[in-house]
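Below is one structure, written out as structure tokens; the observations come after it.
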Amino acid sequence: MRIVMFGYQTWGHRTLRALLDSEHEVVLVVTHPESDHAYERIWSDSVAGLAADNGVDVLLANRLDDDPGLLTRLKEADPDLIVANNWRTWIPPSIFGLPAKGTLNVHDSLLPAYAGFSPIIWALINGEEQVGVTAHMMDEELDAGPIVTQRAVAVGPRDTATDLFHATVDLIEPVVSESLALIASGRTDWTPQDRSKASFFHKRSVEDGRIDWTWPAEDIDRLIRAQSDPYPSAYTFHRGRRLRVTRASVSQARYGGTPGRIFIREGEGIVIVAGAGARDGRHRGLVVERVRTEDGADLAATEYFRTMGGYLTAHP
């Protein structure tokens with residue numbers, strides 16, 4: 001098959017690598033220009049560089065619905081199939097419907113759940129037991145087309161978003177390879193998504209890393225693991241200054257009082273009272289173990305919090 005690939009960052013890079021290693025011909029690659037967005041500088045292996053190293057023509061684009069020259073170039077490439085992964089803007093029907101075999105989209109969630117953006121981070125925050133990768137045929141609704149191939153990995157009890165990124169990105173090449181084989185064989189009996197189970201999530205922003213101490217400690221712990229380095233860390237405020245929490249765990253004991261109170265040492269960290277119902281003393285606190293100050297200093301919480309008392313807050 002003649003294949004055109006749309007993709008960006010490490011997800012697109014792994015997809016292109018799978019295509020180049022296949023028996024099929026990659027005739028054109030379309031990717032985004034480099035970005036200064038905080039989340040787009042993470043996992044930023046160059047799709048354009050890999051294509052150029054392998055003698056494949058590259059086009060740079062941000063949007064596809066306002067570039068008639070791109071459509072002309074795609075028609076000239078005459079693809080049998082388009083494969084997309086981590087394309088950040090809308091792909092119109094005039095493009096995804098162009099190849100005879102359609103467009104295969106690769107998405108890093110177990111669709112129909114977690115369509116949209118940052119699915120691994122949201123899934124970890126929400127306590128999902130599995131994450132994974134889905135390859136599906138594209139239609140007019142984002143991440144909603146019928147499923148060709150899907151693979152899952154378990155979420156471990158202390159996994160971070162970084163751990164889950166590595167686990168899922170390693171699934172891309174086998175998912176793409178299996179999907180290509182099925183499509184090339186002439187199969188079209190793909191599995192429709194159950195739209196009653198669909199969920200759709202927005203892009204992450206700095207606001208989404210703000211710690212709300214009225215959340216249960218278990219939820220805050222997952223938020224902190226979901227914002228692990230190299231992602232922008234979850235943060236709170238102490239004495240009016242932003243304080244990033246880079247490692248934490250749920251307390252062994254139960255603590256009562258006001259959410260956000262800097263309370264007592266437990267193990268290798270400092271307990272912060274957490275949970276909207278914390279006043280009844282039946283809830284676990286969050287043991288903050290490591291923090292990062294505004295000037296970039298990484299400290300053990302026991303070194304940073306020299307005295308107990310006072311509060312961590314959601315705002316300065």
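Side-chain atoms are counted along with the backbone in the values below, which use heavy atoms only and exclude waters and symmetry mates.
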[Y] side chain reached by [X] side chain, heavy atoms, under 4.5 Å:
{"X": "W215", "Y": "P259", "value": "no"}
{"X": "M1", "Y": "E23", "value": "no"}
{"X": "I82", "Y": "I95", "value": "yes"}
{"X": "P146", "Y": "H136", "value": "no"}
{"X": "L74", "Y": "E76", "value": "no"}
{"X": "V155", "Y": "E129", "value": "no"}
{"X": "T246", "Y": "I224", "value": "no"}
{"X": "F305", "Y": "L243", "value": "yes"}

Any luck finding a side-chain donor-acceptor pair between [X] and [Y] under 3.5 Å?
{"X": "Y304", "Y": "H238", "result": "yes"}
{"X": "E266", "Y": "S251", "result": "no"}
{"X": "N126", "Y": "Y114", "result": "yes"}
{"X": "T188", "Y": "W190", "result": "no"}

Looking at [X] and [Y], what are the two nearest heavy atoms and their distance?
{"X": "A154", "Y": "D159", "value": "O-OD2, 4.0 Å"}
{"X": "A226", "Y": "I125", "value": "CB-CG1, 3.6 Å"}
{"X": "L223", "Y": "G209", "value": "CD2-O, 4.3 Å"}
{"X": "G285", "Y": "A217", "value": "O-CB, 3.3 Å"}
{"X": "P33", "Y": "N62", "value": "CD-OD1, 3.4 Å"}
{"X": "L81", "Y": "G102", "value": "CD1-O, 3.3 Å"}

Less than 4.0 Å between a side-chain N and a carboxylate O, is that true for [Y] and [X]?
{"X": "R210", "Y": "D208", "value": "no"}
{"X": "E25", "Y": "R2", "value": "yes"}
{"X": "E294", "Y": "R244", "value": "no"}
{"X": "D221", "Y": "R225", "value": "yes"}

So does [Y] get a backbone contact from the side chain of [X], meaning a donor-acceptor N/O pair under 3.5 Å?
{"X": "Q150", "Y": "V133", "value": "no"}
{"X": "S177", "Y": "P174", "value": "no"}
{"X": "T258", "Y": "R261", "value": "no"}
{"X": "T103", "Y": "M138", "value": "no"}
{"X": "D143", "Y": "G116", "value": "yes"}
{"X": "S109", "Y": "P119", "value": "no"}

Exercise for the section: Count the heavy atoms belonging to other residues, nucleotides or ligands that lie under 6.0 Å from CZ of R239, then report whether that count exceeds 12. Expected result: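 Not buried by this count: 12 neighbours or fewer within 6.0 Å.
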- request: Answer yes or no: are there more than 12 heavy-atom neighbours, outside K75 itself, under 6.0 Å from its atom NZ?
  value: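 Not buried by this count: 12 neighbours or fewer within 6.0 Å.
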Joint cluster assignment, [X] & [Y], ILVMFWY side-chain distance < 4.5 Å:
{"X": "V83", "Y": "V56", "value": "yes"}
{"X": "W43", "Y": "M5", "value": "yes"}
{"X": "V288", "Y": "M308", "value": "yes"}
{"X": "L111", "Y": "L104", "value": "no"}

field: Side-chain cluster (under 4.5 Å, hydrophobic types only) that L142 belongs to, other residues
entry: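 Answer for L142: F200.
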Report task. Indicate, with yes or no, if the rings of H107 and W87 have centres closer together than 6.0 Å. Result ->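 Between H107 and W87, the centre distance exceeds or equals 6.0 Å.
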I'd like a table of donor-acceptor pairs (distance under 3.5 Å, sequence neighbours excluded) in which one partner is a side-chain atom from residues 165-172, with atom names and distances.
unit_1: T168; atom_1: OG1; unit_2: L164; atom_2: O; d: 2.8
unit_1: T168; atom_1: OG1; unit_2: F165; atom_2: O; d: 3.2
unit_1: D170; atom_1: OD1; unit_2: R14; atom_2: NH1; d: 3.1

[atom2] on [Y] to [atom1] on [X], rounded to 0.5 Å:
{"X": "F117", "Y": "R204", "atom1": "CZ", "atom2": "CZ", "value": "14.0 Å"}
{"X": "R63", "Y": "H32", "atom1": "CZ", "atom2": "NE2", "value": "10.0 Å"}
{"X": "E173", "Y": "L16", "atom1": "CD", "atom2": "CG", "value": "10.0 Å"}
{"X": "E218", "Y": "S249", "atom1": "CD", "atom2": "OG", "value": "11.0 Å"}
{"X": "D53", "Y": "L20", "atom1": "CG", "atom2": "CG", "value": "10.0 Å"}
{"X": "W213", "Y": "L312", "atom1": "CH2", "atom2": "CG", "value": "5.5 Å"}

Run the numbers on Q227 and S233 for side-chain hydrogen bond (donor to acceptor under 3.5 Å, both in side chains), then give the verdict.
CA-CA 5 Å; Q227 294 294 143; S233 304; over 6 Å; no
Given side-chain hydrogen bond (donor to acceptor under 3.5 Å, both in side chains), test N105 with N85 step by step and report yes or no.
CA-CA 6 Å; N105 185 55; N85 191 349; over 6 Å; no
Please tabulate, for the side chains in residues 267-284, all donor-acceptor contacts under 3.5 angstrom to protein atoms that are two or more places apart in sequence or on a different chain.
unit_1: D280; atom_1: OD1; unit_2: R282; atom_2: N; d: 2.9
unit_1: R284; atom_1: NH1; unit_2: Q252; atom_2: O; d: 2.1

